[in-house]
Amino acid sequence: MASFTKYQDTVQQFWTAIHNLTAAGHVVKAAIHSDAPTVATDDELADLTQVTGTGYTAGGEDTQNDMTESGGTATWTGVDVVWTAGAADWVAGRYVALHNDTSTTDKLLGDYDYGSNFTLLNGETFTLDFGASVATLV
Amino acid sequence: MKPHSLVTYSRTGKLTPAQKAEKFAALGPIAKRHGRFPKGTVLPETQVPACPRVRVADLPEGHLKQSHIEHLEQNQKIASCCRHPENHEVEARKSHPDEEMPDIYIFYCTCGRKHRFFCIGDTDERRPAWDAA
C-alpha cells in the first residue's frame with residue numbers, strides 16, 4: 001500500500017469527537033493536491049493547494065466511507081474514487097488527502113504520496129483503489 | 001515512617017517534542033516520508049518502476065485486478081477504445097522504493113491516453129506483478 005501520512009492534529013480531532021466515520025456519520029472526501037503535506041501545521045483542506053481542471057471538483061470526491069468494529073478491531077472502508085479529465089487538462093498534482101467534508105473547515109485525516117507529479121489529459125483517468133479497507137485500528 | 005524513606009515514583013509515556021523527533025528519526029528512511037519538513041518543501045520524486053510495460057493481452061487472464069479492468073470497461077466518460085483494456089499496455093510502479101509491492105498501475109490505451117490506479121488501502125487481497133516478457 002502507499003504510505004499513509006497522519007496529520008498531527010488528527011489525533012486530537014479523534015479524541016474530541018470531530019470525526020464520525022460511519023456511513024451514517026460524516027462524509028470523507030479524497031482531494032488531489034500539489035504541495036507536500038506538513039503534518040505539524042496543516043490541519044484543514046484550505047492548507048493544501050488542490051489541482052484544477054475539467055473533471056476535478058474543488059474539495060474532491062466522496063469516498064463513501066464506513067466504519068465497522070469487530071472483536072476490538074475498527075475497520076474504515078471506502079469505495080474506489082475515479083476522476084476522469086475533461087476538455088481542460090489538469091495542472092500537476094502529486095498527493096491525495098483524505099478529509100472530513102462534514103466537519104467545520106474540512107479537517108484533514110491523512111495523506112498519500114504518489115511519488116511523482118502527474119497530470120491528466122482529456123479523457124484520462126486517475127483511480128484511488130482502497131482495496132478491502134482504508135485503515136484499521138486494533 | 002522516617003522522612004528519608006519517602007519516595008515518589010513517576011511513570012509517564014509522554015515524550016517531549018525533542019524526544020518524539022528523536023524517536024521518529026530512529027525509524028530511518030520512513031521518517032522522511034511523513035511530513036516532517038517545513039511548509040513549502042518540494043520533495044524529490046520517489047516513484048520507481050516495479051514491473052515493465054507489457055501488453056495486457058500477454059498476461060494470464062485474471063492476473064490483473066478485476067476491479068481495475070471493470071473500472072475501465074464501465075467508465076462511460078472515457079473513449080470507447082479506452083474501455084477495452086485488453087488492447088492496452090500496462091506497467092506497475094512503486095510510489096517509493098521502500099514499498100513492498102507495486103501500488104501504482106498505469107494502463108496505456110492505443111490512443112495514447114493513460115489510466116492510472118493508485119492503491120492506497122491498508123489491506124489488499126492481491127497485488128499483481130510480472131517480469132519482462
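Just so it is clear: chains get the letters A, B, ... in the order the sequence lines come, proteins before strands, and each one is counted from 1.
Put simply, the side chain of Glu124(A) gets close to the backbone of Lys114(B): a donor and an acceptor are under 3.5 Å apart. The main-chain N or O of His68(B) is never found under 3.5 Å from a side-chain atom of Asp129(A) such that the two would form a donor-acceptor pair. Although no hydrogens or angles enter the test, the distance criterion places no donor-acceptor pair under 3.5 Å between the side chain of Arg93(B) and the main chain of Gly115(A).
Put simply, Tyr112(A) and Val48(B) are part of two different groups of oily side chains (I, L, V, M, F, W, Y) that touch within less than 4.5 Å, one to the next. Placement of Phe14(A) and Val134(A) within a single hydrophobic cluster is found when ILVMFWY residues are connected by side-chain heavy-atom separations under 4.5 Å, directly or transitively. No continuous path of ILVMFWY side-chain contacts below 4.5 Å connects Val81(A) to Val27(A), so the two sit in separate hydrophobic clusters. The hydrophobic clustering, which links ILVMFWY residues whose side-chain heavy atoms are closer than 4.5 Å, places Ile18(A) and Leu21(A) apart.
When each of Gly40(B), Pro44(B), Cys111(B), Cys82(B) is scored by its heavy-atom pairs under 4.5 Å with chain A, the top score falls to Pro44(B). Counting heavy-atom pairs under 4.5 Å between each of Glu45(B), Arg113(B), Arg116(B) and chain A puts Arg116(B) at the top. In terms of heavy-atom pairs under 4.5 Å with chain B, the best-connected choice from Asp35(A), Thr136(A), Val82(A) is Thr136(A). Counting heavy-atom pairs closer than 4.5 Å to chain B, the top-ranked of the candidates Asp42(A), Thr41(A), Asn117(A), Leu120(A) is Asp42(A).
Nearest heavy atoms, Ala36(A) versus Lys39(B): O-NZ, 4.3 Å. Minimum interatomic distance between Gln47(B) and Ser116(A) (heavy atoms only, all atoms of both residues): NE2-OG, 3.2 Å. Residues Ser95(B) and Asp113(A) come closest through the heavy atom pair CB-O, 3.4 Å.
Residues passing the side-chain hydrogen bond (donor to acceptor under 3.5 Å, both in side chains) test with Thr105(A) are Glu44(A), sequence neighbours excluded.
Only the backbone of Thr41(B) comes within contact range of chain A, with heavy atoms under 4.5 Å apart. For Asn122(A), the part sitting under 4.5 Å from any heavy atom of chain B is the backbone (N, CA, C, O) and nothing else. Contacts of Thr84(A) with chain B are made by side-chain atoms alone, with heavy-atom separations under 4.5 Å and no backbone atom involved. His71(B) touches chain A through its side chain: at least one heavy atom from C-beta onward sits under 4.5 Å away, while N, CA, C and O do not. With a 4.5 Å cut-off on non-hydrogen atoms, Leu128(A) touches chain B through its backbone and its side chain both. Residue Thr63(A) does not touch chain B at all, counting heavy-atom pairs closer than 4.5 Å.
Taking CD1 of Ile120(B) as the reference point, atom OG1 of Thr127(A) lies at 11.0 Å (rounded to 0.5 Å). The CG atom of Asp80(A) lies 10.5 Å from the CD atom of Glu70(B); values are rounded to the nearest 0.5 Å.
Thr125(A) and Asn75(B) share no donor-acceptor pair across their side chains, judged by distance under 3.5 Å alone.
Counting non-hydrogen atoms of other residues, nucleotides and ligands closer than 6.0 Å to CD of Glu61(B) gives a total of 12 or fewer.
Ring geometry for Phe118(B) against Phe126(A) counts as tilted: the plane angle lies between 30° and 60°, on a 0 to 90° scale.
Put simply, the side chain of Tyr95(A) reaches to within 4.5 Å of the side chain of Leu43(B), judged on heavy atoms.
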